[in-house]
Amino acid sequence: MSAARLHVVSGKGGTGKTTVAAALALALASGGRRTLLVEVEGRQGIAQLFDTPPLPYEERRIAIAPGGGEVKALAVDAEAALLEYFELFYRLGMAGRTLRRMGAVEFATTLAPGLRDVLLTGKVKECVNRRDAAGQPVYDAVVLDAPPTGRVVSFLDVTKAMADLARTGPIHSQAAGVVQVLHSPLTAVHLVTLLEDLPVTETLETVDELTAAGFPVGAVIVNRVRPQWLPDRSVTAAAGGRVDSGRIRAGLASAGLDLPSDVIDGLVAETVEHAVRVHGEAAALTRLEEAVALPRLELPQLVEGVDLGSLYELAESLVEQGVGRPVASGVGS
């Protein structure tokens, strides 16, 4: 994340990528910075996380970060982006709104399916490149809650196809500008995973696809990391079902606890279940470490679910791991 200003966050469905994107935006805004959190899938996931009304097609402040920074959010709508595009390049004004009533917007994006993603990524690119009166970037960082890993490469790379399709004119310039930003050090694509077999497999496949397509890969963010209660030496045995219930009973008795047999049996079953999970997560982590030489961030499991307070806790965890701090290399601001 060291030189990036656009942080694209993707992950397999169910890994918590929107939550991670929100926490990342808060972390990057710490210390007085300004960040913009963008969603493009029309789910209003950001509004739900921050407990705000549905986001319109305009940038609105949704949170204050520690140290006086601020997070704004934007829900990019393809239709509104196309009308903005018409106004910017063709000065259509009222005519553009008439096109919307006629259904021409849907017709245009159906005729050229890649155009929808060009419009969405084009708006994100504009936010990244926008400057204030002093010539400084308006946002220190833009965080994009991108489509899941199964679609993120085609979502990002469709602009290249559109640039080839439209050889000249505003569409070509728009697409070419997006390609330039997405393939530059300004961008980092971060992948959210769980320590489970399928999410790790999809993460590794997506790293290969992103690399082959020429996109800068940032960090792997391991979400919902749970604590390990057993010592390492006990995990393998317990995961194989080898738990000495007599030893457990004796240990509890020495602590002054005389529990019924059914309670002891329940504790043994929970111990085995915990060990199996720990063993599986360790194997998944080993796969990640051996397959990719990327920075890795970890976020803890939230026992009581996600709310605004827990988003700040996750952001604090990211800051503690170096997010938001200028560094020479690896993960930083």
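Nothing here was measured: the structure is a model prediction, and the numbers come from that model. Hydrogens, waters and symmetry mates play no part in the numbers below; they use all other heavy atoms, side chains included.
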Asks: Is the closest side-chain donor-acceptor distance between Arg151 and Ser10 under 3.5 Å?
Replies: no
Asks: Could you tell me if the side chain of Thr15 sits less than 4.5 Å from the side chain of Pro199, heavy atoms only?
Replies: yes
Asks: Run the salt bridge (Lys or Arg N to Asp or Glu O under 4.0 Å) test on Arg34 and Glu70 for me, step by step, so that the C-alpha distance in whole Å, both residues' side-chain angles and the decisive distance to 0.1 Å come before the verdict.
Replies: CA-CA 5 Å; Arg34 295 164 296 179; Glu70 70 170 9; over 6 Å; no
Asks: Kindly determine whether Val207 and Val292 satisfy side-chain contact (heavy atoms from CB on, under 4.5 Å), including the steps that lead there.
Replies: CA-CA 8 Å; Val207 169; Val292 295; 3.9 Å; yes
Asks: Is a side-chain donor or acceptor of Arg33 paired with a backbone partner of Gly324 at a separation under 3.5 angstrom?
Replies: yes
Asks: First locate atom CG of Asn129, then atom CG of Leu6, and finally report the distance between them rounded to the nearest 0.5 Å.
Replies: 9.5 Å
Asks: Assess whether atom CD of Glu41 is packed by more than 12 heavy atoms of other residues, nucleotides or ligands within 6.0 Å.
Replies: yes
Asks: May I ask you to check whether over 12 heavy atoms, not counting those of Arg61, lie within 6.0 Å of atom CZ?
Replies: no
Asks: Is the shortest distance from a Lys or Arg side-chain nitrogen in Arg224 or Glu196 to a carboxylate oxygen in the other one below 4.0 Å?
Replies: no
Asks: Are Leu198 and Lys12 side-chain neighbours, meaning at least one heavy-atom pair lies under 4.5 Å?
Replies: yes
Asks: Between Ile46 and Ala73, which heavy-atom pair has the shortest distance, and what is it?
Replies: CG2-CB, 4.0 Å
Asks: Could you give me the CA-CA distance, side-chain angles and deciding distance for Glu39 and Arg43, then say whether salt bridge (Lys or Arg N to Asp or Glu O under 4.0 Å) is met?
Replies: CA-CA 8 Å; Glu39 67 176 13; Arg43 295 185 296 106; 5.6 Å; no
Asks: Looking only at side-chain N and O atoms, does Ser310 offer a donor or acceptor that is under 3.5 Å from a partner on Asp307?
Replies: yes
Asks: Atom CG of Asp117 and atom CG of Leu156: how far apart are they, to the nearest 0.5 Å?
Replies: 9.0 Å
Asks: Would you indicate whether the side-chain heavy atoms of Leu28 and Val71 approach each other to under 4.5 Å?
Replies: no
Asks: In Å, rounded to the nearest 0.5 Å, how long is the span from NZ of Lys123 to NZ of Lys125?
Replies: 10.5 Å
Asks: In the single-linkage hydrophobic clustering (I, L, V, M, F, W, Y; side-chain heavy atoms under 4.5 Å), do Leu186 and Val142 co-cluster?
Replies: no
Asks: Leu74 versus Leu55: any side-chain heavy-atom pair under 4.5 Å?
Replies: no
Asks: If you compare all heavy atoms of Leu36 against all heavy atoms of Glu59, which two are closest, and at what distance to 0.1 Å?
Replies: CD1-CG, 3.8 Å
Asks: Do Leu299 and Val225 come within less than 4.5 Å of each other through their side chains, counting heavy atoms only?
Replies: no
Asks: Please walk me through it: do Leu288 and Val222 pass side-chain contact (heavy atoms from CB on, under 4.5 Å)?
Replies: CA-CA 10 Å; Leu288 278 176; Val222 182; 4.1 Å; yes
Asks: Between atom CG of Leu204 and atom OG1 of Thr193, what is the distance when rounded to the nearest 0.5 Å?
Replies: 8.0 Å
Asks: Determine whether Leu294 and Val217 make a side-chain contact, defined as any pair of heavy atoms from C-beta on separated by less than 4.5 Å.
Replies: yes
Asks: Ignoring hydrogens, what is the shortest heavy-atom contact between His7 and Ala4? Give both atom names and the distance.
Replies: NE2-O, 3.5 Å
Asks: So which heavy atom on Gln44 is nearest to which on Ala75, and how close?
Replies: NE2-CB, 4.0 Å
Asks: How long is the gap from CG on Leu297 to CG on Asn223, to the nearest 0.5 Å?
Replies: 11.0 Å
Asks: How about Leu210 and Val153: do any of their side-chain heavy atoms sit closer than 4.5 Å?
Replies: yes
Asks: To the closest 0.5 Å, what do you measure between CG (Leu49) and OG1 (Thr19)?
Replies: 4.5 Å
Asks: I'd like to check the ring-ring contact (aromatic ring centres under 6.0 Å, His included) partners of Phe215; sequence neighbours left out, ordered by chain and number.
Replies: His183
Asks: Donor-acceptor pair, Thr187 side chain versus Val181 backbone, under 3.5 Å?
Replies: yes
Asks: Using side chain to side chain donor-acceptor pair (under 3.5 Å), reason through Glu313 and Ser317 one step at a time and then give a plain yes or no.
Replies: CA-CA 6 Å; Glu313 292 177 16; Ser317 176; over 6 Å; no
Asks: Determine whether a donor-acceptor pair (N or O, by modelled atom type, separation under 3.5 Å) exists between the side chain of His190 and the backbone of Ala219.
Replies: yes
Asks: Can you name the nearest heavy-atom pair linking Ala22 to Leu37, along with the distance?
Replies: CA-CD2, 3.8 Å
Asks: Are Ile64 and Val319 grouped together when hydrophobic residues (ILVMFWY) are joined by side-chain heavy atoms under 4.5 angstrom apart?
Replies: no
Asks: Residues two or more places apart in sequence or in another chain: which of them pass side-chain contact (heavy atoms from CB on, under 4.5 Å) with Asp132?
Replies: Ala134, Gln136, Val138
Asks: Any chain of hydrophobic side-chain contacts (each under 4.5 Å) joining Leu285 to Leu194?
Replies: no
Asks: Tell me yes or no: between the side chains of Thr286 and Glu290, is some donor less than 3.5 Å from an acceptor?
Replies: no
Asks: Could you go through Asp145 and Lys17, starting from their C-alpha distance and side-chain angles, then the distance that decides it, and tell me whether this counts as salt bridge (Lys or Arg N to Asp or Glu O under 4.0 Å)?
Replies: CA-CA 7 Å; Asp145 179 18; Lys17 71 176 179 66; 2.7 Å; yes
Asks: Are side-chain heavy atoms of Tyr139 and Thr35 found at a separation under 4.5 Å?
Replies: no
Asks: Specify the closest pair of heavy atoms between Ala146 and Val8, including all atoms of both residues, with the distance to one decimal.
Replies: CB-CG1, 3.6 Å
Asks: Going by the rule salt bridge (Lys or Arg N to Asp or Glu O under 4.0 Å), which residues pair with Arg287 if we only count those two or more places apart in sequence or in a different chain?
Replies: Asp197
